[in-house]
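Take a look at the structure below.
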There are 2 protein chains.
Amino acid sequence: MILKSQVEWALHCCAILAGLPEGRYLSTKALAELHGLPKEYLSKALQSLSQASLVDTTLGPSGGYRLAKPSSEINFLDIVEAVEGKARSFTCTNIRDNNPCRPAGYCDSKPCAVARVMWEADEAWRNTLRRVRLSDLVGTLSEEVPAELWQSTFEWVLKRAG
Amino acid sequence: MILKSQVEWALHCCAILAGLPEGRYLSTKALAELHGLPKEYLSKALQSLSQASLVDTTLGPSGGYRLAKPSSEINFLDIVEAVEGKARSFTCTNIRDNNPCRPAGYCDSKPCAVARVMWEADEAWRNTLRRVRLSDLVGTLSEEVPAELWQSTFEWVLKRAG
DNA sequence: GAATTAAGGATACATCATATCCGCAAATTG
DNA sequence: CAATTTGCGGATATGATGTATCCTTAATTC
């Protein structure tokens with residue numbers, strides 16, 4: 001059970017976009033260079049964010065991406081689900097139905113007890129991600145990243161933001 | 001991020017093994033028939049349980065599997081990790097290290113803030129699974145499965161348990 | 001009009017889940 | 001002892017999916 005690397009990419013890109021001044025856009029090219037990622041493939045992850053309405057886009061030179069909402073209104077789960085999908089990690093295939101002792105036509109009223117536990121764990125995972133906002137991440141990063149690096153990075157970004 | 005179907009298989013098989021009388025074994029063949037699963041492939045899942053010391057095995061006719069500990073000392077996470085592995089679902093590839101603004105030789109003291117959140121969610125998932133014991137599952141099933149089916153299933157099982 | 005950008009389709013490749021088959025060693029049965 | 005049954009591990013095949021690249025199209029800027 002491994003998350004796509006695109007999840008990591010999307011989260012870091014959103015953290016950068018959160019630092020953009022109002023109304024400016026940052027291109028796939030800049031985001032790819034900043035993180036050392038394959039531009040064309042990163043583009044797919046950003047398209048997922050766009051489809052989920054987490055980011056706005058503009059075409060043409062000086063075009064690119066910006067957040068569609070304030071970073072305090074976007075949480076980790078929004079971003080993770082945009083890239084990874086909303087499907088649960090456990091799917092119940094009802095193998096108990098194959099029990100040769102089972103009377104034909106019998107139908108369970110409740111979902112399988114095994115599945116309920118697995119889904120509960122899935123919900124715990126999602127709830128943790130839901131509780132952390134993108135603005136929280138930016139706050140943590142601004143504290144932990146050395147001030148000079150933080151500043152020089154956003155100078156680098158602003159030079160490329162249209 | 002999808003769990004292997006073997007996880008579902010292993011959980012249901014353990015629930016059956018938990019109902020075996022002391023000292024009896026149930027074969028892969030019987031477990032596969034009971035759940036309508038491919039015998040050879042189910043065998044791989046059971047081998048994983050064996051390697052994790054969750055079940056004991058015996059060879060020969062009347063051989064097979066039984067739980068290695070009381071069902072109250074086995075939890076969902078034990079079984080899930082035996083099949084799925086213990087690796088975290090999120091791997092941090094440190095893409096921030098590719099930042100062209102970063103001074104060479106710089107080394108983070110802490111793990112990446114993004115990774116910490118993702119790992120926290122992973123822990124929440126694991127904790128939920130850790131809290132549910134196999135004996136809890138058996139208890140729930142014995143309440144929810146119709147009494148006749150429950151009984152006839154274990155008669156079926158006992159006929160095949162060596 | 002030329003350059004740049006996001007979007008999306010087509011394609012290639014590697015990895016992994018799924019599945020099957022085989023041979024081996026151990027245990028049981030007769 | 002001989003035949004059978006079983007778990008175990010290796011080898012192999014296949015399909016789905018993650019990763020990655022390339023190309024075309026439409027929109028935007030200068």
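Naming: A, B, ... by sequence-line order, numbering from 1 per chain. Given the structure is predicted, the values throughout are model-derived calculations rather than measurements.
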Are any protein N/O atoms closer than 3.5 Å to N/O atoms in nucleotides 9-12 of chain C? If there are, list each pair with its distance.
{"unit_1": "C:dG9", "atom_1": "O6", "unit_2": "A:Lys44", "atom_2": "NZ", "d": "2.6"}

Measure all distances between protein nitrogen or oxygen atoms and nitrogen or oxygen atoms of nucleotides 14-18 of chain C, and list the pairs falling under 3.5 Å.
{"unit_1": "C:dT18", "atom_1": "OP1", "unit_2": "B:Ser5", "atom_2": "N", "d": "3.0"}
{"unit_1": "C:dT18", "atom_1": "OP1", "unit_2": "B:Ser5", "atom_2": "OG", "d": "2.9"}
{"unit_1": "C:dT18", "atom_1": "OP2", "unit_2": "B:Tyr41", "atom_2": "OH", "d": "3.3"}

Which donor-acceptor pairs under 3.5 Å do the side chains of residues 56-65 of chain A make with protein atoms, sequence neighbours left out?
{"unit_1": "A:Thr58", "atom_1": "OG1", "unit_2": "A:Tyr25", "atom_2": "OH", "d": "3.0"}

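Qualifying salt bridge (Lys or Arg N to Asp or Glu O under 4.0 Å) partners for A:Glu73, counting only residues two or more places apart in sequence or in other chains: none.
If you check every strand for non-hydrogen atoms under 4.0 Å, A:Thr28 touches sugar and phosphate atoms only.
Taking the charged nitrogens against the carboxylate oxygens, A:Glu144 and B:Lys110 do have a contact shorter than 4.0 Å, which makes a salt bridge. The residues A:Lys29 and A:Glu33 are annotated as salt-bridged, a charged nitrogen and a carboxylate oxygen being separated by less than 4.0 angstrom.
Side chain of B:Arg102 to backbone of B:Asn98: no donor-acceptor contact under 3.5 angstrom is found.
Ranking C:dT20, D:dT6, D:dC23 by closeness to the B:Pro38 side chain, first place goes to C:dT20.
For the contact set between residues 154-162 of chain A and DNA chain D, defined by any heavy atom under 4.0 Å, there are no members.
Taking 4.0 angstrom as the limit, B:Tyr65 places a side-chain polar atom (N or O) nearer than this to OP1 or OP2 of D:dC8. Applying the 4.0 Å criterion to OP1 and OP2 of C:dA7, one finds that A:Thr57 has a side-chain N or O inside that range.
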Exercise. How would nucleotides 25-30 of chain D be written as a contact map, 5' to 3', with B for base contact, S for sugar-phosphate-only contact and - for no contact, using protein heavy atoms under 4.0 Å?
Worked result: --BBB-
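Each of A:Leu46, A:Val138, A:Leu49 was compared with A:Cys14 under the side-chain contact (heavy atoms from CB on, under 4.5 Å) criterion, and only A:Leu49 meets it.
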